[in-house]
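Within every chain, numbering begins at 1; the chains are lettered A, B, ... in the order of the sequence lines, protein sequences first and strands thereafter. All values below come from the heavy atoms of this structure, side chains included, with hydrogens, waters and symmetry mates left out. Here the structure is a predicted model, which is why all the values come from computation and not from measurement.
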There are 2 protein chains.
Amino acid sequence: MKDLQEDLSLIKRGADELLIEADLVDRLKTGRPLRVKAGFDPTAPDLHLGHTVLINKLRHFQELGHHVMFLIGDFTGMIGDPTGRNVTRPPLSREQILDNAKTYREQVFKILDPDKTEICFNSAWLEPIGAAGMIKLAAMHTVARMLERDDFAKRYANNQPIAIHEFLYPLCQGYDSVVMRADVELGGTDQKFNLLVGRELQKHHGQPPQCILTVPLLEGLDGVNKMSKSYGNYIGIYEPPKEIFGKLMSISDDLMWRYYELLSFRSNGEIAGFKKEVAAGRNPRDVKVLLAQEIVQRFHSRQAAEDALADFEARFRQGAIPQDIENVTVACGAGGAGIAQVLKQAGLTDSTSEALRMIEQGGVRLDGEKVSDRALVLKPGATVVLQVGKRKFARVSLS
Amino acid sequence: MKDLQEDLSLIKRGADELLIEADLVDRLKTGRPLRVKAGFDPTAPDLHLGHTVLINKLRHFQELGHHVMFLIGDFTGMIGDPTGRNVTRPPLSREQILDNAKTYREQVFKILDPDKTEICFNSAWLEPIGAAGMIKLAAMHTVARMLERDDFAKRYANNQPIAIHEFLYPLCQGYDSVVMRADVELGGTDQKFNLLVGRELQKHHGQPPQCILTVPLLEGLDGVNKMSKSYGNYIGIYEPPKEIFGKLMSISDDLMWRYYELLSFRSNGEIAGFKKEVAAGRNPRDVKVLLAQEIVQRFHSRQAAEDALADFEARFRQGAIPQDIENVTVACGAGGAGIAQVLKQAGLTDSTSEALRMIEQGGVRLDGEKVSDRALVLKPGATVVLQVGKRKFARVSLS
């Protein structure tokens, strides 16, 4: 029973919502490996740390001995956006999907244990049901209940069109749970409605309804917006070790604890220990180094993590970046802002012309590295440490 | 151009609505045979004259040289009601549907020319589109527009469940029009929304949208309610000649003109001539005889029509039913009313006991035939001519 509480605490760590906890406890008590499902788009994956929160959670289940089913939603992927309105969702060929699946494997198996992971494609069961099967599936849910979904409700209220096939996708996803006999389905908080549809359909098919576990969106380097390529505040898992290391070292101490919770595989106990030490006076930067090393090692290697640390220390030794740097937010347009403009607005120079002169003199550093490009543009969402001369520092977030 | 106006006038005769008339005129002008579609349930047909209004309209098109496509909706018929709520719509096997199609053929080819009629089954194209095709189809319409359909709007407003597959059926019907390249689709007035969906989908597929022609529901023998088995106010096309003849002779003169419009194949000119003659004093009963003979001949034979007339006249000769009989409506429960009760309420006898005595004495006739069964029950919706003794008559409608 003590183990069970520990298991549950690992499962719930950093999660947003667990429905229904008592039901999950009952299933855990049986001791059998639970069937844990998570669905992924079949589009080309280029994962950043934000995506890995969910995969990490799958890994937690794996560590506890459960059966992880990594579902690639190729059935709808091959359809794409039938209205043609969403150009980011073109129909994918089977070859593209298999290619993407291969890339997924390479990326997620840096986190998951390949031997304990089943990769599934839902076309295997959604194609064979045919047109008649799709109609029968549609009969299992009502229009009114579908319109209760937050985004549908808003669009309907605002007279924004909802194409009818959008009602079918949650049903397809729910039917996946039926065929996969999922005990638990994981998803982002925005997926909650769809995960609940899975419960409904399982009941329809005489199965005990799956438990659902939602995980939050990870904040980006700025600690404010969700991590996203379009905000430029992300760490891609394929970035070079030094990049990953440097970016992680740039985050605030608060955000560091959040990242520990959602990205580290250190136990809850270890993390609590770190917190205690920092409270007692340990330099949080040392703890940040441990996090940065763990993440670099996960996506590269132990050696890469050690090299990145050595490089980081060498770069900053001469700069002697003080421990408490002022956080500054600089507003910029969608296209970003030029480095000189940013330096001026962050109060590091009095004017853009002074900023440009300092760059020419080699007196400006960005994340510890000398800036030589006067035309450098910083993107909105980026967070960087800027240094002018020996003593002026600021951690600048562009928004 | 004069012919075209005549054609149009025949097409519109008795119809409820024609959309879009100018478009239909353009297509008629081309001189090519138009592709005229009407869809039918694959359930066992047991047609009454009400059903034939639509088929008669198909015949009009046939007479004008157009191509009639008689569509049997077997695809959805094989699904039945997936919710299981509607027990009157069990899934049908392919064998049952083929059986029913055969019965359809036998019945409708009493009206349509088999050589000019194409019988289609929509499973031929709806099955092959598969689950993905159904999703693509669903993408072609929005939830909001579907909820504009009268019955959906009402049910949604009243919190009555609408299962999502109900949104797919109109789309299937519309897709039929695409595959069949329909120029015109016919349907009951209650089908208007679905026929319009066909127009939408044809536009989606780059086809000129079909014209739609709706026909009204035929009033039953009571002249008030729609003709329906459940009202008991119908004439089945398989009823014996004498039944059909007698029932038609029992209708009011007003209803006779309506039946002429919707059921007779006499030309508009001939019917206008009859009206003129009756206005000038011709006995409307003579004109009613012509209608009754036409209908009996259609579903049986010329000989049967003549025999039915002879029988009718022989039966009524002795009764000498006056030309103007009083119309009386008698209220009854859903189970109908006993003959004695009806006679009393119609004012033909002073009491039920008098009524029963008259029956025993052989003094009561129903549609000219002696009533011997004291327990005879008349159903709601029925209209009969009752006679007590030599001089008391009434045309009684039960409601």
Classify the side-chain pair [X]/[Y] by whether it contains a donor and acceptor separated by less than 3.5 Å.
| X | Y | value |
| --- | --- | --- |
| A:Ser123 | A:Asp74 | yes |
| A:Glu185 | A:Gln191 | no |
| B:Gln62 | B:Thr117 | yes |

Could you tell me which portion of B:Leu126 (side chain, backbone, both or neither) has an atom closer than 4.5 angstrom to a non-hydrogen atom of chain A?
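Just the backbone, heavy atoms under 4.5 Å.
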Less than 4.5 Å to any heavy atom of chain A: does that hold for the side chain of B:Leu137, its backbone, both, or neither?
neither
Heavy-atom pairs under 4.5 Å with chain B - which of A:Cys172, A:Gly133, A:Ala144, A:Ala132 has more of them than the others?
A:Ala132
Counting heavy-atom pairs closer than 4.5 Å to chain B, which one of A:Ile135, A:Leu171, A:Ile129 comes out on top?
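Of the options given, most contacts go to A:Ile135.
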Show every ring-ring contact (aromatic ring centres under 6.0 Å, His included) that has at least one partner inside residues 142-162 of chain A, sequence neighbours left out.
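Qualifying pairs: A:Phe152-A:Phe167.
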How about A:Asn158: does its CG atom have over 12 heavy atoms from other parts shown lying under 6.0 Å from it?
yes
Which one, B:His141, B:Met78, B:Lys136, leads in non-hydrogen pairs under 4.5 Å with chain A?
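Winner by heavy-atom pair count: B:His141.
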Using heavy atoms and a sub-4.5 Å threshold, report which of residues 200-215 of chain B line up against chain A, by residue number.
none
For residues B:Tyr104 and B:Phe70, establish whether the separation of their ring centroids is below 6.0 Å.
yes
Against chain B, label A:Leu147 side chain, backbone, both or neither, depending on which of its atoms sit under 4.5 Å from a heavy atom there.
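The side chain, not the backbone.
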Find out whether A:Thr142 and A:Arg145 are in side-chain contact, i.e. whether some heavy atom of one side chain is under 4.5 Å from a heavy atom of the other.
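A:Thr142 reaches A:Arg145 side chain to side chain.
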Are the side chains of A:Ile237 and A:Gln107 in contact, using a 4.5 Å heavy-atom criterion?
yes
Option among B:Arg32, B:Arg199, B:Lys37 that satisfies the salt bridge (charged side-chain N to carboxylate O under 4.0 Å, His left out) test with B:Asp183:
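Output: one option passes, namely B:Arg32.
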